[in-house]
Amino acid sequence: MKIISAKDYNDMSKKAADLMAAQVIVKPNCVLGLATGSTPIGLYKELIRRYEEGELDFSEVSTVNLDEYCGLTKESDQSYAYFMEHNLFCGINIDRANTNIPNGANPDAAGECARYDEVLRKTPADIQLLGIGNNGHIGFNEPADGFAVGTHQVMLTESTINANARFFAKKEDVPRSAYTMGVAGIMSAKKILLVASGEAKAPIMKEVAVGPVCPQVPASVLRLHPDVTIVADEAALSVLRESNPELISK
Ligand code: F6R
């Protein structure tokens with residue numbers, strides 16, 4: 001696990017964009033694993049800027065997203081499909097037919113999860129982008145007594161509902177469940193890139209880097225992956241830097 005420190009959110013976004021852009025340049029028909037949330041927005045803006053300047057071509061790229069709220073259609077402005085369309089896809093020349101997101105509007109959870117696992121089997125990510133929850137969740141893999149392997153439907157924890165309420169008119173509007181890639185789907189990516197920003201993430205970043213690998217801290221499982229890069233700003237690395245400065249590269 002390589003941990004790269006960035007000065008601030010903008011610097012984090014640029015450094016993380018460098019890695020995603022390199023993937024697209026070396027393999028134009030690569031598969032990008034994508035995430036939503038506030039952290040990747042700057043990185044997506046940076047990819048759009050590089051596309052507009054002619055540095056990147058997404059025409060042969062495919063994507064697989066981590067997760068989607070249950071009960072929302074892709075037209076709903078709170079859905080992750082809508083987020084991806086408006087924060088990335090609308091700004092680059094990607095073929096929408098090559099983009100994949102769990103279908104939150106499918107009420108058949110078992111059928112939808114099996115369908116998405118098949119998508120992941122056929123379209124494994126070359127690089128999977130992840131954010132991290134304050135409680136260590138990745139995708140919607142929440143702290144639990146065991147790791148969930150395949151794509152599954154998950155009931156959101158109170159902590160995640162509270163954290164995501166900022167994107168909704170009121171807390172009651174936050175969906176109570178989501179479809180998410182499981183640990184196997186995430187770990188099957190050839191490379192993983194985790195981005196983190198802000199002081200609120202600092203305690204969990206230390207847990208991920210040096211705490212036990214356990215399902216109570218879902219992101220700790222990344223320590224078992226052979227090619228993980230974390231790009232985090234100084235605020236997110238502040239607790240880890242106090243205890244283990246030797247783990248952080250410039
Ligand atoms: C989103 C996702 C979540 C977020 C996490 C952090 O697709 O999978 O795990 O990455 O909740 O969210 P932000 O970036 O808003 O702090």
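We count residues from 1, following the sequence as given. First listed ligand is number 1; within each ligand, the first listed atom is number 1.
- Counting only heavy atoms of the protein, atom 11 (O) of ligand 1 lies nearest to H137 NE2, 2.7 Å.
- Considering only non-hydrogen protein atoms, atom 12 (O) of ligand 1 sits nearest to G37 CA, 4.2 Å.
- Atoms of ligand 1 found under 4.0 Å from any heavy atom of D67, numbered from 1 in the order shown, are 1 (C), 2 (C), 7 (O), 8 (O).
- Considering L222, L193, V228 as possible partners of L130, the one that fulfils the side-chain contact (heavy atoms from CB on, under 4.5 Å) test is L222.
- Note on ring orientation: taking the six-membered ring where Trp is involved, the planes of Y69 and F140 are tilted (angle from 30° to 60°).
- Atoms of ligand 1 found under 4.0 Å from any heavy atom of L66, numbered from 1 in the order shown, are 8 (O).
- Within the set I101, I132, N65, the minimum heavy-atom distance to atom 6 (C) of ligand 1 is found for I132.
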**Request:** Take E234 and R241 through the side chain to side chain contact (heavy atoms under 4.5 Å, CB included) test and state the conclusion after the steps.
**Result:** CA-CA 9 Å; E234 279 301 335; R241 190 179 289 286; 2.9 Å; yes

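- Contact annotation: for T36 versus ligand 1, heavy atoms closer than 4.0 Å belong to both the backbone and the side chain.
- Using a non-hydrogen distance threshold of 4.0 Å, R166 registers as a contact of ligand 1.
- Cluster membership check: M181 does not share its hydrophobic cluster with M20, using side-chain heavy-atom separations under 4.5 Å among Ile, Leu, Val, Met, Phe, Trp and Tyr.
- Closest protein heavy atom to atom 14 (O) of ligand 1: T39 OG1, 2.4 Å.
- A salt bridge is absent between D11 and K14; no separation between the charged side-chain nitrogens and carboxylate oxygens falls under 4.0 Å.
- Applying the 6.0 Å contact sphere to CG of D77 captures more than 12 heavy atoms from other residues, nucleotides or ligands.
- N106 and Y179 are not linked by any side-chain donor-acceptor pair at a separation below 3.5 angstrom, with hydrogens and angles left out of the test.
- Checked by distance only, ligand 1 and K201 come closer than 3.5 Å through their nitrogen or oxygen atoms.
- When the options G131, G136, S38, G139 are ranked by their closest heavy atom to atom 9 (O) of ligand 1, first place goes to G139.
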